Amino acid sequence: RDLHSFPTRRSSDLNVEPAALERAVRGGLGPGADPLVAAQAAYLLAHLVDERGATDEASALRARLGLLSHAFVIGPFGEGRTSFGTAFPPEKEAGAPELGRRYPGKLREVGWRAADAAVRDGAFYLDGLLRPDDQAVAYLAVFVHSDADRPAALRLGSPGPIRVWVNGTQVFEHDVTRAAALDQDAAGIRLGRGWNRILVKTVIVDGAWRLYARLTDPSGAALRFANEAGPPPVRASWVAMRKGSSASSPVRVSTLDALLERRAKAAGVEATAAQAWLDLARYLAWAGPRDRGERAAADAIRHALAVRPSLGALLVAADVAADEDERRRHLEQALELASRTGSSEPISPGWRALLLARLGEMARTERREARAAEAFHEALAIDPACWPAILSIAEEESEADLPLAALARIEALPPEVRALPRVRRAVARLDEAAGRPREGDRVLEALAADRRVEVDLLHQLASRARVRGDGAAARAR
C-alpha cells in the first residue's frame, strides 16, 4: 500500500475530527499492508486511541511492534556532534553493565542506570534522565534473548548521530541531525542463540532527546524475543563476538524511505511516477529520516511537480517550504490549478475555498488585513460552509470587541465542524473574551477528555484553575 492517505502532522493535529482520522489510519493496518507502512499506522493509531483514554488498546498496538523498552543508560559525555568519533569508556565494556562503576562525564561522574522509567509512547525519553540534555553523548545498553540464531533488523529513530554495536561488533552508524521518529534508520544484524548485547551511542545537538529502537525480521515484520527488565541472569549464556564469514555476511534490510525512493526512480508512466515521488515526499515530511540540512522532502516534491503538477504535490510543497514567501507561492499555484477549467485533475469548489482561506490566514499573520479579509470573503462566496474562513472572520470580530457575534457565527456551524479541536479551542478563547471564563473552561475540559495525553492542554487547564483559585483542580491536572 502507498502512503497517499496518510495525513501530515500539521493537518492531523487540530483540523481533522479525531474519529475520522482514526478510521483513516486503521485503513493502513488492513490485509496486504506493507509491514513498514503498517508499523507507522499502528504507532499513530496507538497515539490516537491513547488520546481518547483507550490505554489498553494503545499498549497492545505498541507491543506488537517489537519496541525495546528495557535498557540501561549512561551519560552525558562529550560535546555533542564533535564527540561522535570519541570512544568513551562504555564502548570498551562487554556483557552486563557494571552498575557500581563510575566514569568521568560531561559535568560530573556518571554511571549506568535503568532507563525503563523514561519510556513513553515506545520511545526512551533520555532528556528525562540526563543533564545536560543538549550537545552531549549517551549510551544505551539493551539485552535481548533469542531462542535461535537469526537475521534481524534493528530499526532506530534518533535526533542526532547514532552508532550501534551488537555483541561487540559495530553494525551501523549514521551522522545526522533531525527530530527523532519511528523507523528512521535500519541496521541489519544477526542475533545469536542466548543473550545478545546491543549498545547504542546516541548524540544530541539540540531539541528533544528521544530514542526509538525496535527489532523486526529483515522485511519489517514483528520479531519474537525477550527483553526483560534488569540485567541478564548472573549465569547468562552470552553470544560471543562473531568473526570470519559469519561476521561479514550482511543482513539486507531497508527503510521505508529507501523503498519509496527506489519505487519513484523506477516508475515509468508519468502519472505513476508523479504519485510515487509524492508518496516519498509525504513520508519524508512525516518521519524526517534524513538530515534536516538536506531538505529531502522538498527535493522529492520538486521531482513530483516536475513530472506532473497536482494539488496534492503543491500542498506538500507548501508544507515543507523553506520560508513564507515560498509557501505562499506554492499555495497560489495550487489555487491557480484549482481554478483552471478543463484541468485533468478535477478540483472541487470546496478545495478552492480552503486554499483561499489558507492564503487569508497567511496574509493575516503578515498583518495584511485587507488582503486577508478579501481572501476570506472570496472563500465564503465559493463555499459558504468553508469553516476555516468562518473561524478567521469570527476571530476578527472578537478583536473588534464583538465576541458574542463571533460565538454566534461559530455556533451556526454544523456539529461535526464544532467538534474539531481547532474550533473548540477558538470557542474557549471567545468565551474568555466575552467574559465567560467558566464556559471556556468547560469547553477545554471536554476537549481534554478527548485528548488526554496533550500536555500543553493540561498545562493550560491547570493555569486557568490557578487563576480562578481552584488549587485542587490545578493539582489534578
Side-chain angles (χ1 to χ4, degrees), residues 7 9-22 47-48 50-53 353-354 356-370 372-373 375-377 379-380 383-477:
R9 290 186 191 275
R10 184 176 303 172
S11 67
S12 67
D13 184 23
L14 297 174
N15 296 334
V16 180
E17 196 272 320
L21 180 58
E22 186 177 320
H47 174 76
L48 296 174
D50 230 351
E51 281 195 326
R52 61 174 170 79
L354 287 170
L356 281 163
R358 190 164 172 187
L359 284 164
E361 289 168 356
M362 287 190 68
R364 192 171 182 219
T365 301
E366 297 162 352
R367 298 190 176 280
R368 297 187 294 131
E369 303 295 346
F376 295 142
H377 286 93
L380 291 175
D383 179 11
C386 180
W387 67 265
I390 294 170
L391 196 61
S392 294
I393 291 173
E395 289 171 349
E396 287 180 353
E397 289 173 331
S398 177
E399 290 174 3
D401 292 328
L402 296 170
L404 293 177
L407 281 167
R409 186 180 294 275
I410 293 179
E411 286 167 1
L413 290 169
E416 63 272 17
V417 174
R418 296 201 307 273
L420 295 175
R422 180 179 166 189
V423 176
R424 293 161 81 179
R425 285 179 179 273
V427 169
R429 289 195 301 271
L430 293 172
D431 279 327
E432 185 82 20
R436 307 190 307 188
R438 284 301 294 135
E439 285 81 352
D441 290 345
R442 282 189 280 271
V443 170
L444 292 178
E445 286 162 2
L447 180 59
D450 295 335
R451 301 171 73 85
R452 301 187 187 192
V453 295
E454 188 172 323
V455 175
D456 289 346
L457 178 57
L458 297 177
H459 284 169
Q460 184 181 2
L461 282 166
S463 176
R464 292 171 72 105
R466 283 193 293 270
V467 168
R468 67 174 186 265
D470 190 344
R475 288 189 296 273
R477 294 296 176 187

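Please read all numbers here as calculations on a predicted model, not as lab measurements.
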Should Arg468 and Asp441 count as an ion pair when the cut-off is N to O under 4.0 Å? yes

Could you go through Ile390 and Leu413, starting from their C-alpha distance and side-chain angles, then the distance that decides it, and tell me whether this counts as side-chain contact (heavy atoms from CB on, under 4.5 Å)? CA-CA 9 Å; Ile390 294 170; Leu413 290 169; 3.5 Å; yes

Are Glu432 and Arg425 ion-paired here, with the side-chain N under 4.0 Å from a carboxylate O? no

Verify, without hydrogens or angle tests, whether Arg418 (side chain) and Glu411 (backbone) share a donor-acceptor contact under 3.5 angstrom. yes

Is the shortest distance from a Lys or Arg side-chain nitrogen in Arg409 or Glu397 to a carboxylate oxygen in the other one below 4.0 Å? yes

Are Arg442 and Asp431 ion-paired here, with the side-chain N under 4.0 Å from a carboxylate O? no

Between the main-chain N or O of Met362 and the side-chain N or O of Arg368, is there a donor-acceptor pair closer than 3.5 Å? no

Taking the side chain from Ser392 and the backbone from Pro388, do they hold a donor-acceptor pair closer than 3.5 Å? yes

To the nearest 0.5 angstrom, please state how far the CD1 atom of Ile410 sits from the CG atom of Leu391. 5.0 Å

Between atom CD of Glu17 and atom CD of Glu22, what is the distance when rounded to the nearest 0.5 Å? 9.5 Å

I'd like to know if the side chain of Arg52 and the backbone of Asp450 have a donor-acceptor N/O pair within less than 3.5 Å. no

Ionic contact status for Arg464 with Glu445, cut-off 4.0 Å: no

Find the distance between CZ (Arg451) and CG (Leu444) and round it off to the nearest 0.5 Å. 11.5 Å

